[in-house]
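Basis for what follows: all heavy atoms, side chains included, without hydrogens, waters or symmetry-related copies. Just follow the structure's listing: the first ligand is 1, and inside any ligand the first atom is 1.
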Amino acid sequence: MANTILVGAQWGDEGKGKIIDVLTERADIVVRTQGGNNAGHTVYIGPQKYVLHLVPSGILRPGKTCVIGNGVVIDPVSLMGEINGLIKLGVNINGSLFVSETAHVVFPYHRELDELRELRKGKNKIGTTKRGIGPAYGDKAARTGLRIIDLIHPERFAAKLKVRIKDNNEVLRAFGAKGLSYKKVHDAYRAAGDALKPYVRNTVTLLHEATQRKANILFEGAQGTFLDIDHGTYPFVTSSNTTAGGASTGSGVAPNRMDKVVGVMKAYTTRVGEGPLPTENEEIADMLHGMGREFGSTTGRARRCGWFDAVATRHATMVNGIDELAVTNIDGLDSLETIKVCTGYRCGDLKYDHVPNDIESFSNCVPVYEELPGWQTPTTGITSWKKLPQKTRAYLKVICDLTGAKLTIASVGPAREQTIFV
Ligand code: GDP
Ligand code: IMO
Ligand code: MG
């Protein structure tokens with residue numbers, strides 16, 4: 001399979017978890033390289049639903065190695081909760097999961113600050129997951145963060161945490177909030193640190209050795225291209241590089257060791273949180289929500305929905321170098337008579353065939369649509385490309401051509417079996 005980076009080509013929740021689970025069959029190692037437990041990756045195995053937040057989605061295939069890389073920010077209490085939940089469901093973790101020593105730690109003051117800053121922003125809020133992601137990456141960049149290696153060394157951890165709690169309590173009080181108890185945070189985090197210690201490794205050398213023996217590595221992107229801190233709709237973004245470059249910096253596997261980039265995109269568009277979404281459409285949202293779909297896997301919030309935006313996905317192909325596309329949730333459009341695809345934007349007198357960098361312009365963009373006939377046939381039971389309705393194939397061809405990459409996977413349902421290799 002070679003070393004493959006999988007990224008979200010839209011605003012997150014494209015179905016990356018499902019596609020990772022499918023591709024893991026042919027991989028040896030699955031690596032998360034950025035983000036934290038703001039991610040929610042859904043995998044179904046039979047009737048059992050798993051929602052992975054920090055643990056790579058490859059963990060559900062026995063015998064595969066899973067790595068949480070240096071670029072991830074880890075809430076260790078939450079990670080231990082996730083690990084224990086998986087163990088309860090019979091998933092084997094021991095010897096399969098490794099956590100980077102140099103990944104940064106998310107603390108309760110990060111979560112509190114995340115929430116307080118959002119409150120202060122009022123109507124300009126980002127709509128974060130309130131998992132402390134922004135403040136944790138902020139500390140990393142400011143060089144005031146603690147890493148997993150600190151967490152598992154009790155004396156070092158106590159000394160560093162004391163300073164961090166003192167500093168952050170001053171900030172929390174300036175916001176009018178209560179300070180945190182050093183002892184409470186210390187004890188909870190030390191307990192999580194002890195529980196996590198058996199999994200902690202130098203994952204850079206672990207992955208280097210894997211590349212030496214030509215193991216197949218799958219890099220599991222979290223969030224999506226337009227939530228990238230550099231290439232997304234700043235400031236309505238997350239705080240990490242969600243695009244393909246993040247896979248290298250977040251794992252220590254060099255760019256010239258990467259072989260392929262797979263972009264995952266829904267057959268339509270969704271976004272959870274604030275910020276521009278040019279093709280947003282209330283009717284599509286009502287239809288999908290009415291089907292019980294498009295509620296956030298991490299926060300349960302109803303996702304905003306709209307038509308497929310080919311300007312956005314073409315941009316994603318450019319910044320990620322997407323070679324192959326996996327299109328998911330095709331079945332979500334099964335009932336429609338006509339389907340719209342956004343092929344350009346209009347903003348005042350200006351026409352755009354690319355995503356404008358200026359957030360003000362992007363927020364005011366009006367989509368230019370092309371209309372395609374719907375197939376109005378259920379696709380969820382279809383298992384081969386040839387058996388898909390001709391109109392479905394035509395629609396997929398149009399959106400992949402506009403996106404500028406080759407369609408290799410078509411997904412018509414959440415289950416492993418509902419996957420068509422093209
Ligand atoms: P991720 O964050 O990219 O892994 O995506 P999420 O798991 O947050 O959201 C994707 C949702 O779509 C989940 O509920 C998946 O089970 C579901 N899903 C993925 N592919 C398909 C598909 O082809 N059809 C349907 N009906 N659901 C899908
Ligand atoms: P997966 O990996 C969709 C969004 C939040 C918010 C913005 C910033 O499941 O696709 P943050 O908590 O990261 O500071 O929030 O990013 N967001 C996601 N949206 N899927 C995700 O992850 C997301 N992770 C963060 O809703 O708009
Ligand atoms: Mg998700």
Side-chain angles (χ1 to χ4, degrees), residues 6-22 32-45 48-54 56-57 72-73 75 106 110-111 113-115 117-118 125-138 220-229 232-240 242 263-277 288 291-304 326-334 378-380 382 409-420:
L6 181 137
V7 292
Q10 296 161 318
W11 276 268
D13 301 328
E14 296 92 347
K16 299 177 294 293
K18 174 194 158 156
I19 302 299
I20 287 282
D21 170 65
V22 168
R32 270 285 303 274
T33 59
Q34 42 72 227
N37 62 349
N38 49 349
H41 296 177
T42 316
V43 180
Y44 279 91
I45 297 173
Q48 183 64 53
K49 178 183 180 179
Y50 300 85
V51 182
L52 287 315
H53 298 287
L54 278 161
S57 304
V72 177
V73 288
D75 177 333
V106 181
H110 293 132
R111 285 199 304 273
L113 287 171
D114 193 356
E115 191 150 1
R117 286 176 190 163
E118 283 280 272
K125 71 173 196 245
I126 297 164
T128 73
T129 60
K130 300 183 183 160
R131 298 296 189 271
I133 305 299
Y137 276 114
E220 175 175 354
Q223 291 80 51
T225 299
F226 294 94
L227 294 173
D228 184 284
I229 183 89
T233 54
Y234 192 91
F236 302 101
V237 293
T238 190
S239 300
S240 64
T242 62
V264 184
M265 56 190 203
K266 277 180 177 148
Y268 48 91
T269 305
T270 66
R271 172 171 205 164
V272 59
E274 306 304 317
L277 189 67
L288 293 163
M291 292 157 85
R293 304 162 68 128
E294 302 309 343
F295 293 94
S297 324
T298 296
T299 56
R301 291 177 289 175
R303 294 176 184 144
R304 299 158 64 196
V327 181
T328 68
N329 287 275
I330 296 164
D331 54 302
L333 303 177
D334 280 353
T379 55
T380 50
I382 296 174
I409 294 176
S411 170
V412 292
R416 278 178 181 169
E417 305 73 46
Q418 291 169 304
T419 310
I420 299 169

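Contacts between Val43 and ligand 1 below 4.0 angstrom, taking non-hydrogen atoms only, are absent altogether. Residue-level proximity to ligand 2 for Lys16 is carried by the side chain, the only part with a heavy atom below 4.0 angstrom. Under 4.0 angstrom from ligand 2, the non-hydrogen atoms of Thr128 come from both its backbone and its side chain. Residue contacts with ligand 1, taken as heavy atom pairs separated by less than 4.0 Å, involve Arg303 solely via side-chain atoms from C-beta onward. No part of Gln418 comes within 4.0 Å of ligand 1, judged by heavy-atom distances. Contacts with ligand 2 closer than 4.0 Å are made by no heavy atom of Arg131, backbone or side chain.
Taking OG1 of Thr129 as the reference point, atom CG of Asn37 lies at 7.0 Å (rounded to 0.5 Å).
Of all the atoms in ligand 1, the ones that sit under 4.0 Å from a non-hydrogen atom of His41 are 1 (P), 2 (O), 4 (O), 7 (O). Taking every non-hydrogen atom of Ile126 and a distance limit under 4.0 Å, the qualifying atoms of ligand 2 come out as 8 (C), 27 (O). Every atom of ligand 2 with a heavy atom of Ala222 under 4.0 Å away is listed here by number and element: 2 (O). Near Val237, meaning under 4.0 Å from one of its heavy atoms, ligand 2 places the atoms 7 (C), 8 (C). Atom numbering of ligand 1 starts at 1 in the shown order; those under 4.0 Å from a heavy atom of Val412 are 23 (O), 24 (N). Close contacts between ligand 1 and Arg293 involve ligand atoms 25 (C), 26 (N) [criterion: under 4.0 Å to a heavy atom]. Within ligand 1, the atoms closer than 4.0 Å to a non-hydrogen atom of Ser411 are 20 (N), 21 (C), 22 (C), 23 (O), numbered from 1 in the order shown. For ligand 2, the atoms sitting less than 4.0 Å from at least one non-hydrogen atom of Trp11 are 3 (C), 19 (N), numbered in the order shown with element in parentheses. Close contacts between ligand 1 and Tyr44 involve ligand atoms 16 (O) [criterion: under 4.0 Å to a heavy atom]. Close contacts of ligand 2 with His41, meaning ligand atoms under 4.0 Å from a residue heavy atom, involve 1 (P), 2 (O), 9 (O). Which parts of ligand 2 touch Ala39 is read off a 4.0 Å heavy-atom cut-off, strictly below it: atoms 1 (P), 2 (O), 9 (O), 22 (O).
Looking from atom 13 (O) of ligand 2 to the surrounding protein, the closest heavy atom is Thr238 OG1, 2.6 Å. In terms of protein heavy atoms, atom 27 (O) of ligand 2 is closest to Val272 O, 3.2 Å. Of all protein heavy atoms, the one closest to atom 25 (C) of ligand 1 is Asn329 OD1, 3.3 Å. With respect to atom 20 (N) of ligand 2, the closest heavy atom belonging to the protein is Asp13 OD1, 3.1 Å. Counting only heavy atoms of the protein, atom 16 (O) of ligand 2 lies nearest to Leu227 CD2, 3.7 Å. For atom 23 (C) of ligand 2, the closest non-hydrogen atom of the protein is Gln223 CG, 3.6 Å. For atom 10 (C) of ligand 1, the nearest protein heavy atom (residue, atom name, distance) is Asp13 O, 3.7 Å. Closest to atom 2 (O) of ligand 1 among all protein heavy atoms lies Gly40 O, 2.9 Å. If you check which protein heavy atom lies closest to atom 12 (O) of ligand 2, you get Thr129 OG1, 2.5 Å.
For ligand 1, the polar-atom distance check against Asp331 finds a nitrogen or oxygen pair separated by under 3.5 Å. The shortest N or O to N or O distance between Lys18 and ligand 1 is not under 3.5 Å. On a distance-only criterion, Ser239 and ligand 2 share no N/O pair closer than 3.5 Å. Of the N or O atoms in Gly17, one or more lie within a sub-3.5 Å distance of an N or O in ligand 1. Inclusion of Lys266 in the set of residues having an N or O under 3.5 Å from an N or O of ligand 1 is not warranted. Polar contact check, Thr42 against ligand 1: a nitrogen or oxygen pair lies under 3.5 Å apart.
Asp334 contributes a side-chain N or O that, together with a main-chain N or O of Thr379, makes up a donor-acceptor pair within less than 3.5 Å. Glu220 places no side-chain N or O within donor-acceptor distance of the main-chain N or O of Ile20, the cut-off being under 3.5 Å. Listed for the Gln10 side chain is no donor-acceptor partner under 3.5 Å among the backbone atoms of Arg271. Using modelled atom types, no side-chain atom of Arg111 and backbone atom of Leu113 make a donor-acceptor pair closer than 3.5 Å. Proximity of a side-chain donor or acceptor of Asn329 to a complementary backbone N or O of Ala267 within less than 3.5 Å is not detected. A donor-acceptor pair under 3.5 Å is formed between the side chain of Tyr137 and the backbone N or O of Gly35. Distance alone, capped at 3.5 Å, places no donor-acceptor pair between the Arg303 side chain and the Arg293 backbone. Between the Arg32 side chain and the His53 main chain, a donor and an acceptor come within less than 3.5 Å of each other. Of the possible polar contacts, one joining the Glu118 side chain to the Ile126 backbone as a donor-acceptor pair under 3.5 Å is found. Panel note: side chain Thr419, backbone Ser411; no donor-acceptor pair is recorded below 3.5 Å.
Angle O(Gly40) to the Mg ion (ligand 3) to OD1(Asp13): 170° [nearest 10 degrees].
For the ligand labelled ligand 1, residue Gly12 lies outside the 4.0 Å heavy-atom shell. Remark: distances from the non-hydrogen atoms of Arg301 to ligand 2 include one below 4.0 Å. Under a 4.0 angstrom heavy-atom cut-off, Gly413 registers as being in contact with ligand 1.
Side-chain contact check for Ser240 and Gln34: at least one donor-acceptor pair (N or O, by modelled atom type) lies under 3.5 Å. Donor-acceptor pairing under 3.5 Å is recorded for the side chains of Arg301 and Thr299. Judged purely by distance below 3.5 Å, without hydrogens or angles, the side chains of Gln418 and Tyr44 never pair a donor atom with an acceptor atom. Under 3.5 Å, the side chains of Asp114 and Thr128 contain a donor-acceptor pair of N or O atoms.
Heavy-atom proximity to atom 5 (O) of ligand 1, evaluated over Ala222, Gly224, Gly15, Gly8, is greatest for Gly15. Across Ser57, Gly127, Gly40, heavy-atom proximity to atom 9 (O) of ligand 2 is greatest for Gly40. In the candidate list Pro414, Ser297, Ala415, Ser297 is nearest to atom 8 (O) of ligand 1, counting heavy atoms.
The one candidate from Gln223, Arg131, Lys130 that meets the side chain to side chain donor-acceptor pair (under 3.5 Å) condition with Asn38 is Gln223.
Residues Thr270 and Trp11 share a closest heavy-atom pair of O-CB, 3.4 Å. Of all heavy-atom pairs between Val412 and Thr380, the closest is O-CG2, 3.2 Å. When all heavy atoms of Gly17 and Ser57 are compared, the closest pair comes out as CA-OG, 3.7 Å.
The pair Asp21-Arg416 meets the salt-bridge criterion, since a charged nitrogen lies less than 4.0 angstrom from a carboxylate oxygen.
Enclosure of atom CZ in Phe295 by more than 12 non-hydrogen atoms of other residues, nucleotides or ligands within 6.0 angstrom is indicated.
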